[in-house]
Amino acid sequence: MNAATEMYGVMGNPVRHSLSPVIHNGAFRRMGRNAVYLAFEVTDLAAAVNGIRGLGIRGMSVTIPHKTAILSLLDELDDVAAKIGAVNTVAWRDGKLVGYNTDWQGALSALEQKTVLQGKRVVLLGAGGAARAIAFGLKQKECRVFIFNRSLAKAADLAAELGFVHGSLASVETLDADILINATSVGMAPNDGESPLPKKILKPGMTVMDIVYSPLRTKLLQDGEEKGCRTIDGLEMLAHQGAFQEEIWLGRKPDVAAIREDLRRALIEKHSVSGDPPNAKNGFPLTADR
Ligand code: NAP
């Protein structure tokens, strides 16, 4: 680092667990770019956005709980981010701070590595921030989407906005789908023995994506593997959404496979530091493609 080092970062709270520095510092290093990416634990969002302006920070990721509140603090919004109502990426365009959303692109890229989306029947579990971004992406691919959520009203609102169908999590058993996406936090450590769905709903040939990435091999994905489904873990979406962020900031897409490997290594380290050694249950050892 020196006086010419470009600064990037992520704003969230809490943010100490964030894997975004792993994604971006590794990518900057491989590109030979004199840049650094830091994690900022932000309580005063307006002051932090002024900090981006005042310090000339080149680009910023935005995570929970600031993805919605930041909308009104930026100069402009990309069309899709405005429709989704959430920003996960901030960049400079012609002297203005512009908000983007790459979560939906990350999810679609992760899915499209394993299946064709156009016209498919998709069960989407969840109606929170991530589910909302994914639902907007699925709409662009003309998927027929059924949204299920614990809080029915949130599922109803999201489904109505996009012309999709909704239901309560309890009613999901009656549905047949080509693709199933878990965008709830069910299955996330420390509740990693939980799945949002009974195993009997999963069918051979179905594509099952879980966006939870801690652990990587969630109960839902283990069940899916046992039932002969194609499975996609949460690291895929994470790696791709980060790659799209780099493209927005630098006009150049980084090597997604290398990002994926950096993330896997970081997660292995995290498990060994936490005293929870890598094993089949928490998702390790891992193969790059399941
Ligand atoms: P969020 O806005 O807080 O939404 C949480 C969702 O999970 C809501 O639909 C919520 O239902 C549901 N939920 C929480 N606890 C539940 C329970 N016990 N039973 C049933 N449903 C439950 O969070 P988010 O930002 O959408 O994130 C959701 C998950 O996705 C997190 O695990 C996050 O780490 C992960 N994520 C991954 C990526 C990636 O790149 N892989 C990106 C973003 C997020 P209610 O509406 O009923 O509360």
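Just so it is clear, the values below take in all heavy atoms, side chains as well, and ignore hydrogens, waters and symmetry mates. Counting starts at 1 for both ligands and their atoms, following the listed order.
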Participant: For atom 36 (N) of ligand 1, what is the closest protein heavy atom, and at what distance to 0.1 Å?
Facilitator: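 For this ligand atom, the closest protein heavy atom is Ile211 CD1, 3.6 Å.
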Participant: As an exercise, state the distance from CG of Leu97 to CG of Asp75, rounded to the nearest 0.5 Å.
Facilitator: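 The distance works out to 5.5 Å.
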Participant: Among all protein heavy atoms in this structure, tell me which lies nearest to atom 23 (O) of ligand 1, with the distance rounded to 0.1 Å.
Facilitator: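 Here the nearest protein heavy atom works out to Ile64 CD1, 4.3 Å.
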Participant: Identify the closest protein heavy atom to atom 26 (O) of ligand 1: which residue and atom is it, and at what distance?
Facilitator: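 That would be Ala130 N, 2.8 Å.
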Participant: Test of understanding: given a 4.0 Å heavy-atom threshold, classify the contact between Ala127 and ligand 1 as side chain, backbone, both, or neither.
Facilitator: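 Near ligand 1, Ala127 shows its backbone, while the atoms from C-beta on stay back.
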Participant: Quick one: look up the protein heavy atom nearest atom 12 (C) of ligand 1 and list residue, atom name and how far away it is.
Facilitator: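 Going atom by atom, the protein heavy atom closest to atom 12 (C) of ligand 1 ends up being Thr184 CB, 3.7 Å.
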Participant: Answer yes or no for Lys83 and Phe136: cation-pi contact, defined as NZ/CZ to six-membered ring centre under 6.0 Å and angle to ring axis within 45°.
Facilitator: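 Geometry flag: not set, cation outside 6.0 Å or 45°.
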Participant: At less than 4.0 angstrom from any non-hydrogen atom of Met237, what atoms of ligand 1 do you find?
Facilitator: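 Under 4.0 Å from Met237, ligand 1 has these atoms: 39 (C), 40 (O), 41 (N), 42 (C).
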Participant: With only distance considered, is Met188 within less than 3.5 Å of ligand 1 through an N or O on each side?
Facilitator: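 N/O-N/O distance below 3.5 Å does not exist for this pair.
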Participant: Would Ile70 and Ile248 show up in the same hydrophobic cluster when neighbours are defined by side-chain heavy atoms closer than 4.5 Å?
Facilitator: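 They do not share one cluster, since no chain of ILVMFWY contacts under 4.5 Å joins Ile70 to Ile248.
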Participant: Kindly confirm or rule out an N or O of Lys154 lying under 3.5 angstrom from an N or O of ligand 1.
Facilitator: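 Lys154 vs ligand 1: N/O contact under 3.5 Å present.
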Participant: Give the numbers and elements of all ligand 1 atoms closer than 4.0 Å to a heavy atom of Val186.
Facilitator: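 Numbered from 1, ligand 1 contributes 16 (C), 17 (C), 19 (N), 20 (C), 21 (N), 22 (C).
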Participant: Is Ala183 close enough to touch ligand 1? Criterion: a residue heavy atom under 4.0 Å from a ligand atom.
Facilitator: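 Flag set, Ala183 near ligand 1.
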Participant: Write out the residue and atom name of the closest protein heavy atom to atom 10 (C) of ligand 1, then the distance separating them to 0.1 Å.
Facilitator: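 Checking every protein heavy atom, the shortest distance to atom 10 (C) of ligand 1 gives Asn149 OD1, 4.0 Å.
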Participant: What's the shortest heavy-atom distance between Trp249 and Ser61, and which atoms?
Facilitator: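 Closest heavy-atom pair between Trp249 and Ser61: CH2-OG, 3.5 Å.
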Participant: Kindly confirm or rule out an N or O of Gly234 lying under 3.5 angstrom from an N or O of ligand 1.
Facilitator: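 Yes.
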Participant: Between Arg93 and Tyr100, do the side chains contain an N or O donor and an N or O acceptor separated by less than 3.5 Å?
Facilitator: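 Tyr100 and Arg93 do have a side-chain donor-acceptor pair below 3.5 Å.
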Participant: Among Leu74, Thr102, Asn101, exactly one meets side-chain contact (heavy atoms from CB on, under 4.5 Å) together with Val87. Which residue is that?
Facilitator: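 Among Leu74, Thr102, Asn101, the one meeting side-chain contact (heavy atoms from CB on, under 4.5 Å) with Val87 is Leu74.
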Participant: Check whether any N or O atom of Ser151, backbone or side chain, sits under 3.5 Å from an N or O atom of ligand 1, and answer yes or no.
Facilitator: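 Right, the criterion is met.
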Participant: Without hydrogens or angle criteria, can the side chains of Tyr213 and Thr218 be said to hold a donor-acceptor pair below 3.5 Å?
Facilitator: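 The answer is no; no qualifying pair exists.
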Participant: Among all protein heavy atoms, pick the one closest to atom 18 (N) of ligand 1 and tell me residue, atom and distance.
Facilitator: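 Answer, as residue, atom name and distance: Arg150 NH1, 3.4 Å.
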Participant: Can you report which non-hydrogen protein atom sits closest to atom 14 (C) of ligand 1, along with the distance?
Facilitator: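 Result: Ser185 OG, 3.2 Å.
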Participant: Should Val116 and Met206 be counted in the same cluster of Ile, Leu, Val, Met, Phe, Trp and Tyr side chains packed under 4.5 Å apart?
Facilitator: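 No, because Val116 and Met206 fall into different hydrophobic clusters, even though each may have its own neighbours under 4.5 Å.
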Participant: What is the minimum heavy-atom distance between Asn34 and Ala4, and which atoms define it?
Facilitator: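 Looking at all heavy atoms of both residues, the closest pair is ND2-C, 3.7 Å.
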Participant: Is it the case that His240 and Gln105 place a side-chain donor and acceptor less than 3.5 Å from each other?
Facilitator: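 Checked: His240/Gln105 side chains show no N/O donor-acceptor pair below 3.5 Å.
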Participant: Any protein heavy atom at under 4.0 Å, with atom 33 (C) of ligand 1 as the reference point?
Facilitator: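 No.
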Participant: If you have a sec, work out which protein heavy atom is nearest atom 2 (O) of ligand 1 and how many Å separate them, to one decimal?
Facilitator: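 Here the nearest protein heavy atom works out to Gly129 N, 2.9 Å.
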Participant: At their closest point, which heavy atom of Phe164 faces which heavy atom of Cys143, and how far apart are they?
Facilitator: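 Closest pair (atom of Phe164, atom of Cys143, distance): CE2-O, 3.7 Å.
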Participant: Gly126 heavy atoms, cut-off 4.0 Å: which ligand 1 atoms fall inside?
Facilitator: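 Those atoms are 9 (O).
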Participant: How many angstroms lie between atom CD1 of Ile232 and atom CD of Gln113, to the nearest 0.5 angstrom?
Facilitator: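 Separation between the atoms: 8.0 Å.
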Participant: Only heavy atoms of Val212, strictly under 4.0 Å: list the atoms of ligand 1 that pass.
Facilitator: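 Counting atoms of ligand 1 from 1, those under 4.0 Å from Val212 are 32 (O).
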